[in-house]
Amino acid sequence: PYSQLSNVGLKMNSSKEFNNFSQLSVYVKNGIKVQNLTTANFDANGNEIGSPTEDSSNLFPDIAYHLLTDSINGAGNLIGENQINKQDMKKASQFCEANNFYWDGIITQQQNIREFIYQNAVFCLLDFTIKGGQFSLTPTVPINSENKIDRNVLGKDLVKALFTDGNTRNLKVSFLSPEERQLFQARVLYREEVENGFAKTEVLDLRLGEELGGSPEDPREIFDMSNFCTSRNHAEEFAKYALLIRKFVDHGISFETTPESAMSLQPGDYIRFFSEITHNDRFENGYIS
């Protein structure tokens, strides 16, 4: 009475030609069946109607949901469905499907599930968040009504709250070091599949143009996505995002605010912060006598 096993059969019509048979390679086209979140339906109150279909999936939110809720392959005994925001997970699956972000990989050993989901969600342009005590995945970038990346949206149209010196305190600003702000050339490794054959690793090189400060002399950074990425488009979109983050993000802030000011915010929302407080180093100050 064994369960949770995969079986493979080998038929040999001419055994005399084989003196030694020590290794067998199999091209697996379908993985284990998980819930297809893109088919899930919810009513106006957020309650699920019926149950989604189960099928093999290469959408990372479907895989993450399975790992968080399944008691055999994941941490279902510790977490369970009540601690997952299924509606947000469905939106994340629709985002990945609309932008052709697929996770065609395998999990070969036990590991920290939260760390695994956090590290791999980044490559699909997703944030692993906790909202109201529930785990969820949300797109890192703005999306349009078709769940595709919205490249024409204006930043001011996304702002959900304004913070100033009037409703904040204990502002702390941390600037990235010059090494962390160094522009680079991205080299992304991805996998090109050969049906019923052996995959080969492909290389994509991308850098910022001269108009954005990029240069052929910039150092190269390698992103190895060959364990799960089988699409050049996926590799290119991630490389563009990584390059632009390095170009435009140069500091981070932390501050305290009132509950009323943050009441309508949730992880992933855009805010605007305006302050007249200056942050000068004592060795960079001067005076006129």
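Excluded from the calculations below are hydrogen atoms, water molecules and symmetry mates; all remaining heavy atoms, backbone and side chain alike, are included.
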>> Would K29 and E195 count as a salt bridge (Lys or Arg N to Asp or Glu O under 4.0 Å) here? Give the steps.
In response: CA-CA 9 Å; K29 296 184 179 181; E195 188 174 3; 2.7 Å; yes
> What do you reckon, is OH of Y118 surrounded by more than 12 foreign heavy atoms closer than 6.0 Å?
Replying inline: no
>> Which heavy atom of F95 sits nearest to which heavy atom of L125, and what is that distance?
In response: CE2-O, 3.8 Å
>> The test is salt bridge (Lys or Arg N to Asp or Glu O under 4.0 Å); show your working for E256 and R169 and say whether it passes.
In response: CA-CA 5 Å; E256 298 177 4; R169 68 177 185 180; 2.7 Å; yes
> Within a strict 4.5 Å, meaning less than it, do heavy atoms of the Y190 and S226 side chains meet?
Replying inline: no
> If you look at every heavy atom in E193 and A199, which pair is closest and at what distance?
Replying inline: OE2-CB, 3.7 Å
> Quick check: does any side chain N or O of D70 sit under 3.5 Å from a backbone N or O of H66, one acting as donor and the other as acceptor?
Replying inline: no
>> To check you understand the geometry: which heavy-atom pair defines the closest contact between N99 and I149, and what is its length?
In response: OD1-N, 3.1 Å
> When you measure from the side chain of T129 to the backbone N and O of K131, does any donor-acceptor pair fall under 3.5 Å?
Replying inline: no
> Taking atom CG of N73 and atom OG of S71, what is their separation to the nearest 0.5 Å?
Replying inline: 8.5 Å
>> Using 0.5 Å steps for rounding, measure from the CG atom of N233 to the CG atom of N100.
In response: 6.0 Å
> Should L265 and Y270 be counted in the same cluster of Ile, Leu, Val, Met, Phe, Trp and Tyr side chains packed under 4.5 Å apart?
Replying inline: no
>> For M89 and F135: C-alpha separation, side-chain torsions, deciding distance, then whether side-chain contact (heavy atoms from CB on, under 4.5 Å) applies.
In response: CA-CA 9 Å; M89 298 292 274; F135 296 106; over 6 Å; no
> Do other residues, nucleotides or ligands put more than 12 heavy atoms under 6.0 Å from the CD atom of Q111?
Replying inline: yes
> At their closest point, which heavy atom of L137 faces which heavy atom of P61, and how far apart are they?
Replying inline: CD1-CA, 3.8 Å
>> Taking the side chain as everything from C-beta on, heavy atoms only, tell me whether L5 gets closer than 4.5 Å to Y2.
In response: yes
>> Please determine whether side-chain contact (heavy atoms from CB on, under 4.5 Å) holds for the pair Q94 and E146, giving the CA-CA distance in whole Å, both sets of side-chain angles, and the decisive distance to 0.1 Å.
In response: CA-CA 9 Å; Q94 293 173 329; E146 298 178 350; over 6 Å; no
>> Would a single hydrophobic cluster contain both V188 and Y241, if residues Ile, Leu, Val, Met, Phe, Trp and Tyr are joined by side-chain heavy-atom contacts under 4.5 Å?
In response: yes
>> Test your reading of the model: is there a side-chain donor-acceptor pair from T257 to the backbone of N167, 3.5 Å cut-off?
In response: yes
> How long is the span from the CG atom in L189 to the CG atom in D224, to the nearest 0.5 Å?
Replying inline: 4.5 Å
> With hydrophobic residues grouped by side-chain heavy-atom distances under 4.5 Å, do V34 and F128 end up in a single group?
Replying inline: no
> Side chains of C124 and H234: closer than 4.5 Å at any heavy-atom pair?
Replying inline: yes
>> I'd like to check W103 versus L59 (side-chain heavy atoms, cut-off strictly below 4.5 Å). Are they in contact?
In response: no
>> Please say yes or no: joined through hydrophobic side-chain contacts below 4.5 Å, possibly via intermediate residues, are F60 and I106 part of one cluster?
In response: no
> Would a 4.5 Å heavy-atom cut-off, applied to side chains only, mark F223 and F238 as touching?
Replying inline: yes
> Are the side chain of K90 and the backbone of A40 linked by a donor-acceptor contact shorter than 3.5 Å?
Replying inline: yes
> Rounded to the nearest 0.5 Å, how far does CG of D127 lie from OG1 of T138?
Replying inline: 5.0 Å
>> Do L244 and L208 make a side-chain contact, defined as non-hydrogen atoms from C-beta onward lying under 4.5 Å apart?
In response: yes
> Above 12 or not: heavy atoms from other molecules or residues under 6.0 Å from CZ of R207?
Replying inline: yes
> Between K160 (side chain) and S264 (backbone), is there a donor-acceptor pair under 3.5 Å?
Replying inline: no
> Could you go step by step and tell me if K86 and E48 meet the salt bridge (Lys or Arg N to Asp or Glu O under 4.0 Å) rule?
Replying inline: CA-CA 9 Å; K86 200 168 185 177; E48 187 174 4; 3.0 Å; yes
>> Assess whether a salt bridge exists between R246 and E221, defined as any Lys/Arg side-chain N lying under 4.0 Å from an Asp/Glu carboxylate O.
In response: yes
>> Could you check whether any side-chain heavy atom of P142 comes within less than 4.5 Å of a side-chain heavy atom of L158, counting everything from C-beta outward?
In response: yes
> Yes or no on side-chain contact (heavy atoms from CB on, under 4.5 Å) for T69 and I84, after CA distance, side-chain angles and deciding distance?
Replying inline: CA-CA 8 Å; T69 58; I84 312 298; 3.9 Å; yes
> Hey, are the side chains of I107 and L67 touching, using non-hydrogen atoms and a 4.5 Å cut-off?
Replying inline: yes
> OG/S25 to CG/N196 distance, rounded to the nearest 0.5 angstrom?
Replying inline: 12.0 Å
>> Assess the residue pair E97 and T38 against the criterion (side-chain contact (heavy atoms from CB on, under 4.5 Å)); give the C-alpha distance rounded to whole Å, side-chain angles, the decisive distance to 0.1 Å, and a yes or no.
In response: CA-CA 9 Å; E97 188 172 45; T38 58; 3.8 Å; yes
> So how far is it from L171 CG to S254 OG, rounded to the nearest 0.5 Å?
Replying inline: 7.0 Å
>> Is it true that, when you exclude N47 itself, more than 12 heavy atoms of the residues, nucleotides or ligands shown sit nearer than 6.0 Å to its CG?
In response: yes
> Does the ring center of F273 lie less than 6.0 Å from the ring center of F255?
Replying inline: yes
>> Please determine whether residues I32 and L68 belong to a single hydrophobic cluster, defined as Ile, Leu, Val, Met, Phe, Trp and Tyr linked transitively by side-chain heavy-atom distances below 4.5 Å.
In response: no
> At their closest point, which heavy atom of G31 faces which heavy atom of S56, and how far apart are they?
Replying inline: O-OG, 2.5 Å
Could you tabulate the donor-acceptor pairs under 3.5 Å formed by side-chain atoms of residues 178-185, not counting sequence neighbours?
residue, atom, partner, partner atom, Å
E179, OE1, S177, OG, 3.4
E180, OE1, S177, N, 3.0
E180, OE1, S177, OG, 3.2
Q185, NE2, P216, O, 2.9
Q185, NE2, D218, O, 2.7

>> Going by side chain to side chain donor-acceptor pair (under 3.5 Å), name the residues that satisfy it together with D205, two or more places apart in sequence or in a different chain.
In response: R187, R220
> What pair of heavy atoms forms the shortest contact from R191 to F228, and how long is it?
Replying inline: NH1-N, 3.7 Å
> Which pairs pass side-chain hydrogen bond (donor to acceptor under 3.5 Å, both in side chains) with one or both residues in residues 147-157, sequence neighbours excluded?
Replying inline: R151-E237
> Above 12 or not: heavy atoms from other molecules or residues under 6.0 Å from CD of Q23?
Replying inline: no
